[in-house]
Amino acid sequence: MSHVRTRFAPSPTGFQHLGGFRTAFFAWLLAKRHGGEFLLRIEDTDRERSVPGAIRFILEELAWFGIQPDEGPSKAELEQIGESWEGAPDIGGPCGPYIQSLRMVRYREVAEELIAKGFAYRCDCTPQMLERERNEQMARKELPGYSGYCRTRNVSADAPHVVRLKIPQKRAISFNDGVRGKVTWEQIQLRDTVLLKSDGSPTYHLAVVVDDHDMKISHVLRGVEWLSSTPIHLLVYEALGWEPPIIAHFPVVNGPDGKKLSKRTGAATSRDAREKGFLPEAVLNFVSLIGWAPGEGSDQEIFTRDELISKFSLEGINPASGVFDMIKMEWMNGLYIRNLDTADFIKRTAPFLKAAEVVIPDEMFAAIAPLVQERVKLLTEVPPMVEFLMDKPLERQIDAMFQKGIDVAKASEILTRSKACLEQLKEFSVTQIDQALRGVAVELGFKPGPAFAVLRVAVTGKTVTPPLFESFAVLGRDRVLSRIAEAIVLLKVM
RNA sequence: GGCCCCAUCGUCUAGCGGUCUAGGACGCUGGCCUCUCACGCCGGAAACAUGGGUUCGAGUCCCAUUGGGGUCACCA
């Protein structure tokens, strides 16, 4: 394969959801697979729709995933459009600027070339005229669209006007889609579309072709929603005498409801995912698997990023649209969490403990961490699980103490006896606690399950915790004993 | 509506004419393990949208139907 250069070209109109980032991943994977470059280009030709902060969001999320564009907006470019911030990356590159609103001159130049060559023309039809035309067409049940009225009018360049591409109506056109194979239009049905708006800014159709060519993009990877407008782009390439890149259209990713992914889907954006306690490598892995599989009979679905890079190919892309299965992503995240080494787990959990205001001495948390690590799917599940280690009054789910025929009197008995035994232990170790408490259960004639449930609630307040003896050992004898004592008192007033 | 794209378990998928009484994973479910919850292990239910071809043979190739989706802007 000739030199591969791909790009991620979002328009800064809001927050990208994971489906959008998936396209970025694929473009990045393809470039890295072939030792090429991955560029980031900002498509902000529609100023009114650009939202402040959106570029920062994109850059920061890519960074979270550990994806560094080889070329992209420099800090100076960001400053020029007033979207720089403290700590903004300074990417840059030889084909800049990488922000379309900074490339206006070039688009106008190409538009003029197209006019000079007879492939485009100026049009001064007003929105009102177009509107009326459209209404008449609808009334006649015709296909609505611009009639081409100005094609032969030689509209002056002085007055306000747009530039339109002449689209041959009867011509057939086809191209070889990178994931779908040959796609053919027996006849192009599109009307003469606008390339340059009356304010002098380009539409997507012009800007994308010019930039992909100028930036030497070898593979254009984008969502299927662009498939229908590909003929326009092909015509522009042809008119300019440029070789079109390989164009591949990816399937969309829908929510569980089968509808487009949206904010309501839960962790629809990477930021939501991060806040919920997903690991970036797990999200990257999972999202890459929506619409892509290694093929060749492989069942593998856990990939390091290097494996993803070495195995990725356009052939593995499934052209059918997919559904974002959050439940499976959680499973995969749990797997990744379990595979973290404990020191890393502790480090990544810290911000979540802080956010939940769960403050535990480092040593204590380090001791319980391995036990917690294998019990959570999301980092946000950690704080509630270790909360009981905090030095603060406990709220107990007292009712949960009474299982399998255990009543207040029996619970009280279990607690009292356990307390006595724990007090006498030579050392407050897991094995000794284990022996002591099992001994109490046997002595009093209870099964360990229900008996331990009483102790669990008494000491941790909860029904779901890390293993009991370990939890006790980590908490320390003094606090275990005082909590049992508190629980005994609570039972007395019932 | 015109044009274009798509179609294997609920979901993500393997399958690129015979080895498919269709494999894996998540989820669901029965069991084991077990101090709760997880993990782990063993088992189960669950799919080739329909109809025509082509072929000795079709989940795999072709066509149609049906059903989804996209697109027809001075938005991307």
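Naming convention: chains lettered A, B, ... in sequence-line order (proteins, then strands); numbering from 1 in each chain.
If you check B:U36, B:C39, B:C74 against the side chain of A:Thr203, the one that comes closest is B:C74. Here the side chain of A:Glu225 is nearest to one of B:G40, B:G70, B:C35, namely B:G70. Candidate nucleotides B:C12, B:G70, B:C37 were compared by shortest atom distance to the side chain of A:Lys260, and B:G70 ranks first.
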Produce the list of close N/O pairs, under 3.5 Å, pairing protein atoms with atoms of nucleotides 2-5 of chain B; give distances to one decimal.
{"from": "B:G2", "atom 1": "O2'", "to": "A:Gln189", "atom 2": "OE1", "distance (Å)": "2.6"}
{"from": "B:G2", "atom 1": "O2'", "to": "A:Gln189", "atom 2": "NE2", "distance (Å)": "2.7"}
{"from": "B:C3", "atom 1": "O4'", "to": "A:Gln189", "atom 2": "OE1", "distance (Å)": "3.2"}
{"from": "B:C5", "atom 1": "O2'", "to": "A:Arg180", "atom 2": "NH1", "distance (Å)": "2.3"}

Polar atom pairs (N or O), protein with nucleotides 20-27 of chain B, under 3.5 Å:
{"from": "B:A25", "atom 1": "O4'", "to": "A:Glu301", "atom 2": "OE2", "distance (Å)": "3.2"}
{"from": "B:A25", "atom 1": "O2'", "to": "A:Glu301", "atom 2": "OE2", "distance (Å)": "2.3"}
{"from": "B:A25", "atom 1": "O2'", "to": "A:Lys328", "atom 2": "NZ", "distance (Å)": "3.3"}
{"from": "B:A25", "atom 1": "N3", "to": "A:Lys328", "atom 2": "NZ", "distance (Å)": "3.0"}

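Note on A:Arg171 versus A:Glu238: salt bridge recorded, some NZ/NE/NH1/NH2 to OD/OE distance being below 4.0 Å. Residues A:Arg106 and A:Asp211 are not paired through a salt bridge, judged by the lack of any N-O separation under 4.0 Å between the basic side chain and the carboxylate.
In this structure, the side-chain contact (heavy atoms from CB on, under 4.5 Å) partners of A:Gln300, at least two apart in sequence or on a different chain, are A:Ser298, A:Phe303, A:Glu307, A:Lys311. Partners of A:Tyr107 under the ring pair (Phe, Tyr, Trp, His ring centres under 6.0 Å) rule, at least two apart in sequence or in another chain, do not exist in this structure. With sequence neighbours left out, A:Arg438 forms a side-chain hydrogen bond (donor to acceptor under 3.5 Å, both in side chains) with A:Asp434. In this view, A:Thr184 satisfies the side-chain hydrogen bond (donor to acceptor under 3.5 Å, both in side chains) rule with no residue, not counting sequence neighbours. Remark: A:Tyr204 engages A:Trp226, A:His233 in a ring pair (Phe, Tyr, Trp, His ring centres under 6.0 Å) (not counting sequence neighbours). With sequence neighbours left out, A:Phe452 forms a ring pair (Phe, Tyr, Trp, His ring centres under 6.0 Å) with A:Phe469. The ring pair (Phe, Tyr, Trp, His ring centres under 6.0 Å) test applied to A:Phe57 returns A:Phe15, not counting sequence neighbours.
Within the nucleic acid shown, A:Pro202 comes within 4.0 Å of sugar-phosphate atoms alone, with no base atom in reach, counting heavy atoms only. Nucleic acid contact class of A:Gly295 (heavy atoms, under 4.0 Å, all strands): sugar-phosphate only. Residue A:Asn318 is in sugar-phosphate contact alone, with no base atom involved, counting any heavy-atom pair closer than 4.0 Å across all strands shown. A:Glu296 comes within 4.0 angstrom of the backbone, heavy atoms only, and of no base. Among the heavy atoms of the strands lying under 4.0 Å from A:Glu374 is at least one base atom, whether or not backbone atoms are also near. Note on A:Pro466: a base of the nucleic acid sits closer than 4.0 angstrom, heavy atoms only.
Look at the C1' atom in both B:U19 and B:A46: the space between them is 24 Å, to the nearest Å. The gap from the P atom of B:U8 to that of B:U50 amounts to 12 Å, rounded to the nearest Å. Nucleotides B:A58 and B:G51, compared at atom C1', are 15 Å apart to the nearest Å.
Judged by closest nucleotide on RNA chain B, A:Leu289 is the one of A:Arg375 and A:Leu289 placed further toward the 5' end. Looking at which nucleotide of RNA chain B each of A:Asp434 and A:Val376 is closest to, the 5′-most match is held by A:Asp434.
Rounding to whole angstrom units, CD of residue A:Glu330 and P of B:C39 are separated by 12 Å.
When Watson-Crick and G-U wobble pairs are counted only if both distances are under 3.5 Å, B:U71 pairs with B:G2.
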Distance-only donor-acceptor pairs under 3.5 Å for side chains of residues 376-383 of chain A, two or more places apart:
{"from": "A:Thr380", "atom 1": "OG1", "to": "A:Lys276", "atom 2": "O", "distance (Å)": "2.7"}
{"from": "A:Glu381", "atom 1": "OE1", "to": "A:Lys377", "atom 2": "N", "distance (Å)": "2.9"}

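The side chain of A:Arg456 contributes no N or O atom lying less than 4.0 Å from OP1 or OP2 of B:C37.
Taking 4.5 Å as the limit, every side-chain heavy atom of A:Arg122 sits out of range of all side-chain heavy atoms of A:Cys150. In this structure, A:Tyr98 and A:Ile42 have side chains that are not in contact, with every pair of non-hydrogen atoms separated by 4.5 Å or more.
Contacts of residues 104-114 of chain A with RNA chain B (heavy atom under 4.0 Å): none. Using a 4.0 Å cut-off on heavy atoms, the residues of residues 157-175 of chain A that approach RNA chain B are A:Val162, A:Arg164, listed by number.
Evaluation of atom-type donor-acceptor distances gives a pair under 3.5 Å for the side chain of A:Ser198 against the base of B:C74.
Nearest heavy-atom pair across A:Leu422 and A:Arg477 is O-NH1, 2.7 Å. Minimum heavy-atom separation, A:Val323 to A:Gly255: CG1-O, 3.6 Å.
One finds the CD atom of A:Glu281 at 12.0 Å from the CG atom of A:Leu308 (value rounded to the nearest 0.5 Å).
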